[in-house]
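Encoded as structure tokens, the structure appears first; notes follow it.
Quick note on labels: first sequence line is chain A, next is B, and so on, each numbered from 1. Bear in mind that the values here come from a model prediction, so they are computed numbers and not experimental data.
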Amino acid sequence: SSARPLQRLSIVLLRKVNVRDALNQAMDEELERDEKVFLLGEEVAQYDGAYKVSRGLWKKYGDKRIIDTPITEMGFAGIAVGAAFAGLRPICEFMTWNFSMQAIDQVINSAAKTYYMSAGAQPVPIVFRGPNGSSAGVAAQHSQCFAAWYGHCPGLKVVSPWNSEDARGLLKAAIRDNNPVVFLENELMYGVPFDLSEEVMHKDFVLPIGKAKVERQGTHITLVSHSRCVGFCLDAAAVLAKEGVECEVVNLRTIRPLDVETIEASVMKTGHLVTVEGGWPQYGVGAEICARIMEGPAFNYLDAPAVRVTGVDIPMPYAKILEDHSVPQIKDIIFTVKKVLNM
Amino acid sequence: MSLVVASRSYADFTPEATFDIKKVDLHRLEEGPPLTATLTREEGLKYYRTMQTIRRMELKADQLYKQKIIRGFCHLYDGQEACAVGIEGGITLSDHLITAYRAHGYTLTRGGTVREIMAELTGRRGGIAKGKGGSMHMYTKNFYGGNGIVGAQVPLGAGVALACKYLGNDQLCVSLYGDGAANQGQIFETYNMSSLWKLPIIFICENNQYAMGTSVERSAASTEYYKRGDYIPGIRVDGMDVLCVREATKFAAAHCRSGKGPILMELQTYRYHGHSMSDPGVSYRTREEIQEVRSKSDPISMLKDRMLSNNMASIEELKEIDIAVRKEIEDAAQFATTDPEPPLDDLCSHIFANDQPFEVRGATPWTKLTSTS
């Protein structure tokens with residue numbers, strides 16, 4: 001195993017918090033901190049949230065600040081943006097990001113572009129959030145990943161947390177940001193617990209939007225990923241470590257703006273790059289990363305072409321065996337790493 | 001240029017007069033706005049000047065567009081002046097307003113100057129949006145544009161109204177849309193939520209009879225736009241009469257401010273120009289129709305006739321206003337054609353608010369540009 005510096009003995013209090021609770025606590029704290037913050041969306045209030053992410057908030061803050069909407073995405077997303085125009089700080093929940101397609105004009109044309117079109121006269125401090133990407137058995141219309149679509153657009157910040165620390169720090173940052181933020185959660189991560197330190201649990205803990213994190217140091221190859229796939233990369237790295245391959249795993253945390261510097265620094269160290277994402281390959285997040293690496297200083301350090309691991313280029317099927325083979329698995333990552341390293 | 005001097009002292013003029021105005025059509029309302037409107041001399045002169053300014057500004061824009069000094073989209077408001085001016089007469093500048101793309105008139109009534117409106121049309125740095133927005137994207141305080149996507153502005157307006165209610169500031173939002181937009185699903189979604197939550201919003205349908213080249217009969221199964229809010233009370237108003245529009249707006253504003261929730265106003269109006277400068281406007285309607293509206297229902301003529309026949313102003317006085325307006329427009333056009341275009345440094349600015357400057361990719365990987373807030 002790689003040498004690690006001796007650590008000072010210290011007692012660090014850790015709390016197990018799952019991603020759902022991390023999001024819940026983040027919203028609770030920001031609602032308390034700023035009167036102008038409010039949450040709207042389908043089932044966010046009396047149902048406690050379709051996925052229970054907003055559990056308890058309606059009981060605590062009431063009808064004024066936690067608003068159940070009818071099933072009218074285009075309308076309520078527009079209302080949320082208008083409220084942001086007039087100085088409030090809405091959190092607009094899409095039950096899943098698939099439903100955002102009904103409202104995408106409001107996200108792009110009304111939210112993302114307005115600060116630019118108005119030459120800085122009209123900021124839009126809004127967060128759009130909800131679960132993104134594949135889930136389990138929900139089939140084609142409920143499984144699409146929107147990272148590439150929203151990541152394409154100037155004027156938006158697009159964030160894709162992996163673990164509880166990401167979820168907490170990035171949601172707090174998003175709510176405090178004066179710009180439209182697309183916050184892509186992952187349903188399958190909601191129930192997953194992670195250890196959070198006291199520092200992370202502090203009510204003013206925020207993570208910088210636009211900064212990737214190196215989750216695991218390595219020397220042989222760089223794996224760049226976002227959201228749930230970060231976990232798969234770490235699992236693959238653990239398996240590969242037994243064969244002497246040390247993977248550096250970069251958790252993007254933010255899709256836009258992309259932290260290309262962190263990726264470049266890693267590639268310049270390892271000489272090899274594999275991107276891993278749940279979304280479709282064509283015109284995707286991995287494609288963008290590879291293009292940027294080609295165009296920048298890290299290209300000269302590549303010992304092999306940069307390669308992508310992605311969801312399969314099909315609508316998501318229902319049957320479990322088919323679904324399992326529609327998304328990147330750990331074995332796909334391991335296989336790809338070995339191919340790139342010519343093993 | 002000789003100065004025409006009024007031959008009578010102002011003490012000779014009627015300080016205020018009361019006019020009969022057309023009864024409005026009511027939907028789910030027992031009573032409507034009053035059947036008379038009182039106009040003071042001061043108000044009359046103000047409305048006259050503002051409407052004339054809009055008229056002349058739009059005609060100048062037509063000219064500049066034909067000279068290719070204005071490019072892209074240009075949707076002109078001449079004929080509809082009584083709507084913008086009358087609405088503003090019924091609310092205050094601390095209320096809010098949002099409209100679609102036929103927005104130059106509203107940009108003016110909401111506090112913009114002719115200079116900065118015209119310079120925005122010509123894409124100069126002195127434009128109200130520094131040349132970044134153009135005809136459809138002009139903003140002032142409590143005025144949220146100028147919106148290019150048909151119908152999208154209506155839910156946005158309801159969001160502004162939600163903020164008014166949330167903040168408890170007794171303000172309201174006027175949310176405008178045309179007869180074409182009136183069929184948009186998101187407007188019905190907005191009717192629903194505004195009513196459920198009793199938002200202080202005045203929905204206003206500016207029905208100018210045509211959505212681009214499609215007449216109301218060809219696009220709407222029901223052309224009674226003031227009823228299309230269904231459970232929302234509605235009134236249908238003569239949109240060519242600035243006093244009708246003002247009284248209706250006052251009535252609607254009182255309804256909203258009393259906490260009763262939304263109300264819908266249909267303004268029956270007319271545009272002299274085609275849909276935009278790309279549309280001559282005569283393939284789907286007759287020149288005779290346009291001419292008839294001009295001669296019988298022109299909003300500026302209507303106000304002028306009222307004031308003159310009630311001795312509220314003199315012909316010379318109104319001519320002086322016309323001359324002053326013409327000069328204002330000429331000066332603005334001069335500015336708009338000579339002001340420099342925005343600096344290239346501004347290309348990438350205003351992407352994000354309150355952020356550190358950051359790099360923006362240019363057209364090639366080696367072109368690194370900077371964005372500032």
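- For a residue to count as touching a neighbouring chain, one of its non-hydrogen atoms must lie under 4.5 Å from one of that chain's; by this rule A:Glu35 touches chain B with the backbone only.
- Within the 4.5 Å cutoff, the side chain of A:Phe76 has no heavy atoms near those of the B:Glu189 side chain.
- B:Phe188 CZ: more than 12 foreign heavy atoms inside a 6.0 Å radius.
- Both the backbone and the side chain of B:Ile351 come within contact range of chain A, judged by heavy atoms closer than 4.5 Å.
- Of all heavy-atom pairs between B:Phe352 and A:Asn179, the closest is CA-OD1, 3.2 Å.
- How far OG of A:Ser110 is from CG of B:Asn147: 6.5 Å, rounded to the nearest 0.5 Å.
- Remark: B:Phe73 CZ is loosely packed, at most 12 non-hydrogen atoms of other residues, nucleotides or ligands lying under 6.0 Å away.
- A 4.5 Å side-chain heavy-atom check between B:His137 and A:Lys113 finds every atom pair outside the cut-off.
- For residues 156-171 of chain B, a heavy-atom distance under 4.5 Å to chain A picks out B:Leu156, B:Ala158, B:Gly159, B:Val160, B:Leu162, B:Ala163, B:Tyr166, B:Leu167, given by residue number.
- Few gaps surround CD on A:Glu295; more than 12 heavy atoms of other groups in view lie less than 6.0 Å from it.
- Taken from OG1 in A:Thr114 to NE2 in B:His350, the straight-line distance is 13.5 Å, to the nearest 0.5 Å.
- Sparse packing is recorded around CZ of B:Arg71, with 12 or fewer heavy atoms of other residues, nucleotides or ligands lying under 6.0 Å away.
- When side chains are defined from C-beta on, A:Met74 does not count as touching B:Pro155, because their heavy atoms never get closer than 4.5 Å.
- Your options are A:Leu40, A:Asn178, A:Asp63, A:Ile71, and the one with the most heavy-atom pairs under 4.5 Å with chain B is A:Asn178.
- Below 4.5 Å, heavy atoms of chain A meet heavy atoms from B:Arg361, B:Pro365, B:Ser373, all part of residues 357-373 of chain B.
- Sparse packing is recorded around NZ of A:Lys36, with 12 or fewer heavy atoms of other residues, nucleotides or ligands lying under 6.0 Å away.
- How far CE of B:Met193 is from CD1 of A:Ile79: 4.0 Å, rounded to the nearest 0.5 Å.
- Of the atoms belonging to A:Lys157, heavy atoms from both backbone and side chain fall under 4.5 Å from chain B.
- When side chains are defined from C-beta on, A:Pro123 does not count as touching B:Asn354, because their heavy atoms never get closer than 4.5 Å.
- Remark: A:Lys60 NZ is packed, more than 12 non-hydrogen atoms of other residues, nucleotides or ligands lying under 6.0 Å away.
- A heavy-atom distance below 4.5 Å is found between the side chains of A:Met117 and B:Tyr139.
- Within 6.0 Å of atom CE in B:Met212, 12 or fewer heavy atoms from other residues, nucleotides or ligands are found, so the atom counts as exposed in its surroundings.
- Between chain B and the options A:Gly296, A:Pro180, A:Pro70, heavy-atom pairs under 4.5 Å are most frequent for A:Pro70.
- The part of B:Leu196 that comes within reach of chain A is its side chain, from C-beta onward, which places non-hydrogen atoms under 4.5 angstrom from that chain.
- Distance NZ/B:Lys132 to OH/A:Tyr115: 9.5 Å, rounded to 0.5 Å.
- At least one side-chain heavy atom of B:Trp197 sits less than 4.5 Å from a side-chain heavy atom of A:Ile67.
- Using a 4.5 Å cut-off between heavy atoms, B:Asn142 does not touch chain A at all.
- Between the A:Gln122 side chain and the B:Tyr144 main chain, no donor and acceptor come within less than 3.5 Å of each other.
- No other option in A:Pro90, A:Ala119, A:Gly87 has as many heavy-atom pairs under 4.5 Å with chain B as A:Ala119.
- The number of heavy atoms from other shown groups lying within 6.0 Å of CZ (B:Arg124) is above 12.
- Residue A:Phe85 holds its CZ atom at 11.0 Å from SG of B:Cys173, rounded to the nearest 0.5 Å.
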